[in-house]
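Written out below as structure tokens is the structure these notes cover.
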Amino acid sequence: MKKRKISILLVSMIGVLSVISGCGDKKDDSVADNEGQVEVVEEEKKTFGEKTAAEYPISEESQAKLDALVTDYSKVNWDVEYEPEAGIVVSEEVFGRNNDLRQEETHLAVAFTNLTGENVKISIEGYVENENGDVVYDLLEDDIEIWADNTVACEMNLRQEIPSGNIKWNSITITPLDKEFIPYEQTSILRKAEAGYYIIDVEYTAEVDMMANNPVGMVLDKDGNAIGGGSESGGYIAMFNTKTFNGENADVVYFGNAEKRW
């Protein structure tokens with residue numbers, strides 16, 4: 001009886017070893033099957049302007065000043081905001097400009113807000129990158145004038161390029177502006193021209209006749225996102241839209257350094 005029990009035990013042990021051996025063989029086969037295969041890891045999509053915003057974060061002091069502004073700047077839900085120079089906040093907003101004469105093209109507004117507490121002039125050298133990191137537009141200006149707490153902007157037609165929101169900033173130089181500031185209030189207006197397209201205009205309230213230098217305007221939806229816009233041409237900002245932005249327009253903004261008309 002003992003021999004029989006031992007025989008059964010040995011058979012059982014052999015069975016267990018066979019199972020273990022079988023498992024090992026299957027694991028090896030699996031490894032062999034995967035040899036030569038490259039694991040594909042999908043790259044996480046970067047958010048608009050993520051690289052530049054991380055490089056130039058807005059200071060707590062400047063953020064507090066931004067939050068306290070009661071200007072057209074505050075109406076826009078900017079795609080990205082950052083501070084490449086102390087007291088100068090750069091903001092970007094993308095919109096399409098619908099021209100009946102050509103396909104809709106991508107436009108980028110780059111705004112500069114002066115939080116230095118002084119009237120200044122800035123010189124800039126920067127390069128706009130598309131979604132592939134290629135430079136698609138040069139930002140080279142040497143006489144951008146900005147009153148204290150005011151915002152001015154540049155607007156560029158990128159055609160069919162899609163901006164990443166990242167700009168390579170080589171330099172932003174700030175110098176004092178030796179001009180007298182004349183207080184004024186502005187009211188932005190969206191109206192239809194006689195030719196049938198829409199334009200952004202502005203009315204100033206001041207002691208003297210005022211005008212803005214190279215202003216940029218945008219039409220916003222109810223959430224503050226730009227759905228149209230452009231820069232001045234012929235004394236107003238024409239957008240060539242013949243429809244009222246599908247009824248989405250909730251407000252307009254107008255950025256320019258208004259000065260006494262000479």
Side-chain angles (χ1 to χ4, degrees), residues 66 69-81 89-114 128 137 139 141 144-147 149-159 163 182-206 208-262:
L66 277 180
L69 288 179
V70 186
T71 64
D72 278 4
Y73 176 90
S74 307
K75 297 179 181 180
V76 182
N77 180 25
W78 297 100
D79 289 327
V80 66
E81 300 167 284
V89 170
V90 175
S91 310
E92 300 177 40
E93 180 76 359
V94 177
F95 60 88
R97 183 172 181 176
N98 183 16
N99 188 326
D100 292 340
L101 302 179
R102 58 179 182 265
Q103 293 182 341
E104 184 170 318
E105 297 169 327
T106 301
H107 285 242
L108 176 68
V110 179
F112 303 88
T113 301
N114 175 15
V128 178
Y137 203 98
L139 276 173
E141 300 285 346
I144 300 177
E145 300 175 350
I146 324 176
W147 303 127
D149 298 327
N150 196 27
T151 299
V152 301
C154 302
E155 180 259 346
M156 57 213 69
N157 186 350
L158 302 182
R159 307 297 179 184
I182 300 172
Y184 65 90
E185 294 182 1
Q186 71 178 42
T187 303
S188 307
I189 303 166
L190 178 66
R191 62 183 178 86
K192 204 167 189 177
E194 293 182 1
Y197 53 79
Y198 281 84
I199 65 175
I200 299 175
D201 209 343
V202 66
E203 292 182 354
Y204 291 108
T205 302
V208 297
D209 192 12
M210 306 287 288
M211 64 177 292
N213 296 323
N214 303 316
V216 170
M218 294 184 291
V219 181
L220 308 178
D221 65 13
K222 61 181 178 59
D223 298 314
N225 303 306
I227 53 177
S231 52
E232 181 180 303
S233 176
Y236 53 81
I237 297 171
M239 291 168 292
F240 303 102
N241 294 73
T242 57
K243 298 180 180 179
T244 59
F245 303 94
N246 297 321
E248 295 178 357
N249 51 298
D251 208 344
V252 290
V253 292
Y254 192 95
F255 300 112
N257 205 56
E259 299 176 347
K260 180 180 178 181
R261 189 187 298 271
W262 301 105

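Heavy-atom basis, side chains included; hydrogens, waters and symmetry copies ignored. All figures in this text were calculated on a predicted structure; none of them were measured in a lab.
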message: Ring-plane angle category for Tyr204 and Tyr184, please: parallel below 30°, perpendicular beyond 60°, tilted otherwise.
response: perpendicular
message: Is the shortest side-chain heavy-atom distance between Leu190 and Met239 below 4.5 Å?
response: yes
- prompt: For Ile199 and Ala238, which heavy atoms make the closest approach, and how far apart are they?
  reply: CG2-CA, 3.9 Å
- prompt: Run the side-chain contact (heavy atoms from CB on, under 4.5 Å) check on Asn114 and Asn150 step by step: do they pass?
  reply: CA-CA 6 Å; Asn114 175 15; Asn150 196 27; 5.8 Å; no
query: Going through the distances and angles, do Met156 and Val110 end up as a side-chain contact (heavy atoms from CB on, under 4.5 Å)?
result: CA-CA 8 Å; Met156 57 213 69; Val110 179; 3.9 Å; yes
message: Looking at every non-hydrogen atom in both residues, tell me the closest pair between Ala153 and Val216 and how far apart they are.
response: O-CG2, 3.3 Å
- request: Work out which heavy atom in Lys260 is nearest to a heavy atom in Ile182; give both atom names and the distance.
  value: CB-CD1, 3.7 Å
- line: Exactly one of Tyr254, Trp78, Phe112 clears ring pair (Phe, Tyr, Trp, His ring centres under 6.0 Å) with Tyr73, and that residue is Trp78
- request: Verify side chain to side chain donor-acceptor pair (under 3.5 Å) between Thr205 and Glu185, making sure each step is shown before the conclusion.
  value: CA-CA 5 Å; Thr205 302; Glu185 294 182 1; 5.1 Å; no
task: For Asn213 and Asn257, run side chain to side chain donor-acceptor pair (under 3.5 Å): C-alpha distance rounded to whole Å, both residues' side-chain angles, the deciding distance at 0.1 Å, then the answer.
output: CA-CA 6 Å; Asn213 296 323; Asn257 205 56; over 6 Å; no
Least distance between heavy atoms, Pro183 atom then Ala206 atom: O-CB, 3.7 Å
- request: Look up atom CG in Leu66 and atom OG in Ser74, then write down how far apart they are to the nearest 0.5 Å.
  value: 8.0 Å
message: How long is the straight-line distance from CD of Glu93 back to CG of Leu108, given to the nearest 0.5 Å?
response: 9.0 Å
query: Heavy atoms, side chains only, cut-off 4.5 Å: are Thr113 and Thr71 in contact?
result: no
Ser188 to Val253 - nearest heavy-atom pair and separation: OG-C, 4.0 Å
field: Minimum-distance pair of heavy atoms, taken over all atoms of Val252 and Lys75
entry: O-NZ, 4.0 Å
query: How long is the gap from CD on Glu232 to CG on Asp201, to the nearest 0.5 Å?
result: 9.0 Å
field: Pairing residues for Tyr137 by the ring-ring contact (aromatic ring centres under 6.0 Å, His included) criterion, not counting sequence neighbours
entry: none
